[in-house]
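Just below is one structure, and these are the notes that go with it.
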Amino acid sequence: MHGRSRVFLLRRIHFKDSDRPRQLSCQTSPPPLPPDSNLKPLCLQGRLHEALSGMATLGTEVRFHGYDALLTACIDRRAFLEGQLVHAHMIKSQYLPSVYLATRLLIMYVKCDSLNDARHMLEAMPERNVVSWTAMVSGYSQKGHRAEALELFVKMMEAGQLPDEYTFATVLTSCTGPFGPKHGRQIHSLALKTNFDSHMFVGSSLLDMYAKASEIDDARRVFDMLPDRDVVSCTAIISGYAQLGLDAEALEVFKLLHKEGMECNYVTFSCLLNALSGLAALDYGRQVHGLVIRCELPFYVVLQNSLIDMYSKCGSLIYSRKIFDNMLERSVISWNAMLAGYGKHGLGSEVVRLFKSMVQEVRPDGVSFLAVLSGCSHGGLVDEGLDFFDFMVNGQRMKPDIGHYGCVIDLLGRAGRIEKALDLMKCMPFEPTTAMWGSLLGACRVHANVSIGEFVAQKLLDIEPENSGNFVILSNIYAAAGRWQDVARVRELMKERTVTKEPGRSWINLDKTMHTFYSSDRSHPQREQINAKIMELYERIKEAGYVPDLSCVLHDVDDEQKESILLGHSEKLAIAFGLMGSTPCKLIRITKNLRICVDCHNFAKYVSKVYARYISLRDSNRFHLIVRGTCTCRDYW
DNA sequence: CCGTTCGGGG
């Protein structure tokens with residue numbers, strides 16, 4: 001009996017259970033869905049417009065989650081008009097957003113590049129939290145409005161809101177420019193007090209701030225003190241060295257971190273390749289290219305652009321072109337890098353040809369024209385260059401900047417139209433730069449224009465009296481005109497002034513080692529053999545007709561000493577060293593920090609002829625490929 | 001919950 005009733009009871013219950021699921025589920029299932037609950041799935045599926053009409057239909061029934069989903073979708077898609085609709089709907093429904101939702105609105109405006117609306121939102125909010133303030137600071141920072149970002153940061157603290165690690169990381173990116181470092185240091189001390197300075201993002205931002213202020217030692221100190229490192233902080237320190245031209249240091253710190261197993265991304269390799277371009281370190285460049293492939297990053301356009309640039313600056317245009325040709329998509333920068341590469345190598349006709357295919361695919365920008373104009377100048381295509389300038393101004397309606405004028409002045413000077421170049425300098429809407437005067441002075445040397453040369457040199461000596469290169473060229477001009485008294489006068493002039501010039505430095509990469517030479521260098525371990533080699537070269541090329549150009553020496557010494565000073569020029573040391581290799585290679589690649597001097601250029605031409613070698617010499621201005629006694633620069637540089 | 005750091009070509 002008892003057992004039966006139990007079974008009965010159980011069956012009844014079981015029966016009831018399945019028969020009345022609704023009543024029972026009232027206690028175990030979630031509460032009924034809010035009316036706006038279908039907005040979120042629509043937003044997540046990317047059906048933003050359906051969600052918006054849903055919002056309109058629901059009227060005042062839209063709640064927190066609905067607005068949140070809508071705003072998130074607008075933020076993700078940078079949908080400004082849609083975001084405004086959501087905002088308007090909130091106002092019409094008299095919905096009072098929480099601090100969170102108001103902040104989401106603010107962020108929506110920031111992401112849609114409507115900083116005024118965002119600022120208005122921030123001002124109108126009855127309450128703000130650290131996220132609201134930081135989002136606004138970030139908006140100003142990312143749009144380059146540094147002053148506004150810093151002002152808002154101050155306002156935030158005046159309002160009693162303490163910054164957090166996000167705020168610090170953001171606001172420090174606005175600490176560049178003239179007063180940036182001053183503010184940056186203050187913010188650094190604030191971060192120290194609040195212990196956010198060792199946060200990885202804050203640290204990356206801090207060290208980048210110092211690097212951009214040329215305070216690389218402080219940047220390094222911040223980096224070394226960081227408790228943790230990630231790919232961004234490591235990249236930031238490498239980039240810091242590279243930005244300041246401290247290419248060897250950039251490579252050193254990369255080697256160190258790489259040994260420690262640092263992670264790399266495409267930014268890291270871009271910065272590193274930049275440093276290797278400066279060093280003309282083709283071997284390392286190839287190795288990094290290999291790493292890029294192994295890290296499965298080779299299809300980043302940014303990285304391919306860096307590789308194009310690296311190979312061309314390391315003297316290997318063929319590889320640049322291979323990468324360029326294999327790119328699935330190219331940006332305007334890819335084209336510009338390739339154009340600049342041809343230009344620096346003096347291949348003007350390739351520049352023109354490439355530019356013509358470029359305009360079929362993308363619209364050239366200011367840098368494209370700079371590359372084309374400078375390429376035409378280096379390639380000797382004077383009229384073509386002037387036509388391109390005309391095309392830029394009248395065809396494309398672009399406003400040339402000071403760099404474009406510099407190229408055209410260079411072009412005119414090369415053509416010997418020096419008065420015309422002077423006229424252009426007078427009527428252009430910019431102040432002439434030392435580079436322009438320098439280019440004109442070079443033109444006066446090549447075209448033996450003594451009178452304008454004197455005038456231009458005087459200008460240069462006023463503006464940069466410390467640059468002895470100008471004295472040397474003026475001396476060359478006088479010497480070419482046979483005005484030896486004036487040569488002596490220039491020499492006197494130079495003695496009066498305390499001339500501190502950047503020491504000439506050349507380097508050559510042999511057997512994966514960089515050998516660096518300074519003028520009259522006595523430090524290289526093989527200096528005895530190098531000197532002996534130079535003397536051997538000297539004797540042999542003299543037989544072939546080489547005459548040292550003593551006007552390249554301005555020290556007040558006798559001719560014999562001048563000769564020995566000339567023979568001590570860093571590029572000659574490097575050439576001699578390059579010829580000493582036990583396994584002689586056909587091509588000797590040399591890099592120099594300044595412009596090559598007239599005498600060394602001539603020396604290299606004779607060596608290439610007598611010793612049947614190719615000499616590739618990259619100076620601060622361009623490549624000189626010297627073969628069988630002639631140079632691709634056609635003696636104009 | 002939401003907001004963050006490094007960045008290619010003259």
Side-chain angles (χ1 to χ4, degrees), chain A residues 64-65 68 71-72 75 98-108 110-111 118 128-139 141-142 163-173 196 199-209 211-212 219 222-223 226 229-240 242-243 264-274 277 300-310 312-313 320 324 330-341 343-344 364-375 377-378 401-404 406-407 435 621:
Chain A
F64 174 88
H65 289 288
D68 191 29
L71 286 173
T72 301
I75 290 168
S98 57
V99 180
Y100 168 84
L101 269 188
T103 305
R104 293 295 278 162
L105 272 170
L106 188 157
I107 292 163
M108 182 273 296
V110 165
K111 297 285 176 190
R128 300 159 196 88
N129 62 22
V130 66
V131 179
S132 337
W133 289 102
T134 304
M136 194 66 233
V137 172
S138 156
S141 290
Q142 286 179 4
D164 67 4
E165 68 270 33
Y166 287 83
T167 324
F168 281 118
T170 299
V171 75
L172 283 164
T173 62
F196 285 117
H199 184 274
M200 201 154 51
F201 282 25
V202 180
S204 303
S205 210
L206 265 173
L207 82 88
D208 188 57
M209 181 272 293
K212 290 203 164 88
V222 170
F223 180 73
L226 279 178
R229 291 166 180 174
D230 70 346
V231 56
V232 177
S233 50
C234 290
T235 302
I237 191 70
I238 295 168
S239 148
Q243 277 167 19
C264 295
N265 63 18
Y266 74 102
V267 185
T268 322
F269 286 126
S270 258
C271 296
L272 180 62
L273 287 167
N274 206 356
S277 302
Y300 277 81
V301 175
V302 171
L303 206 37
Q304 290 178 312
N305 295 343
S306 295
L307 283 166
I308 291 174
D309 187 54
M310 181 277 294
S312 87
K313 286 185 179 155
S320 294
F324 181 82
R330 302 184 186 109
S331 68
V332 66
I333 294 178
S334 323
W335 291 91
N336 292 351
M338 200 64 236
L339 286 172
K344 288 253 176 209
D365 65 6
V367 179
S368 318
F369 279 102
L370 214 51
V372 170
L373 292 171
S374 128
S377 184
H378 285 307
D401 70 18
I402 191 162
H404 299 108
C407 286
N621 208 22

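As a basis for the values below, the full set of heavy atoms in this structure was taken, side chains included, without hydrogen atoms, waters or symmetry mates. Below, chain A is the first sequence line, B the second, and so on; all start at residue 1. The shown structure was predicted, so the numbers you read here are calculated from the model rather than taken from an experiment.
Picking from B/dC6, B/dG8, B/dC1 the nucleotide with the shortest atom distance to the side chain of A/Lys212 gives B/dC6. Closest to the side chain of A/Ser331, out of B/dG10, B/dC2, B/dG8, is B/dG8. For A/Thr173, whose side chain is taken as the heavy atoms from C-beta onward, the closest listed nucleotide among B/dC6, B/dG3, B/dG10 is B/dC6. In this structure, of B/dC6, B/dC1, B/dT4, it is B/dC1 that holds the atom nearest to the side chain of A/Phe64. Closest contact between the side chain of A/Val302 and the listed nucleotides B/dG8, B/dC2, B/dT5 involves B/dG8. Comparing B/dC6, B/dG3, B/dC2 by their nearest atom to the side chain of A/Thr103 picks out B/dC2.
Side-chain N/O atoms of A/Ser204 include none lying less than 4.0 angstrom from OP1 or OP2 on B/dC6. In this structure, A/Lys313 does not reach the B/dG8 phosphate: none of its side-chain N or O atoms is under 4.0 Å from OP1 or OP2. For the OP1/OP2 pair of B/dC6 and a distance below 4.0 Å, the side-chain nitrogens and oxygens of A/Gln243 include no atom meeting the criterion.
At whole-Å resolution of the value, CD1 in A/Ile107 and P in B/dC1 are 13 Å apart. Rounded to an integer number of Å, the gap from CZ of A/Phe196 to C1' of B/dT4 is 12 Å. One interatomic measurement links the two molecules: NE2 of A/His378 to C1' of B/dG10, which rounds to 10 Å at whole-angstrom precision. Spacing between atom CG of A/Leu106 and atom P of B/dG3 amounts to 12 Å, rounded to whole angstrom units.
For A/Asn274 and A/Ser277, the side-chain atoms include no donor-acceptor pair closer than 3.5 Å. Looking only at atom types and distance, the side chain of A/Asp68 has a donor-acceptor partner in the side chain of A/Tyr100 under 3.5 Å away.
Partners of A/Phe196 according to the ring-ring contact (aromatic ring centres under 6.0 Å, His included) rule, which considers only residues two or more places apart in sequence or in another chain, are A/Phe168. Residues that satisfy the ring-ring contact (aromatic ring centres under 6.0 Å, His included) test with A/His199, not counting sequence neighbours, are A/Phe201.
On a pure distance criterion of 3.5 Å, no polar donor-acceptor pair joins the side chain of A/Ser306 and the base of B/dG8. Side chain A/Asp164 to base B/dG3: a donor-acceptor pair is found below 3.5 Å.
In this pair, A/Phe168 does not lay its aromatic ring on the base of B/dT4; centres under 5.5 Å and planes under 30 degrees do not both hold. Once the 5.5 Å centre distance and the 30° plane angle are applied, the aromatic ring of A/Phe201 is found stacked with the base of B/dT5.
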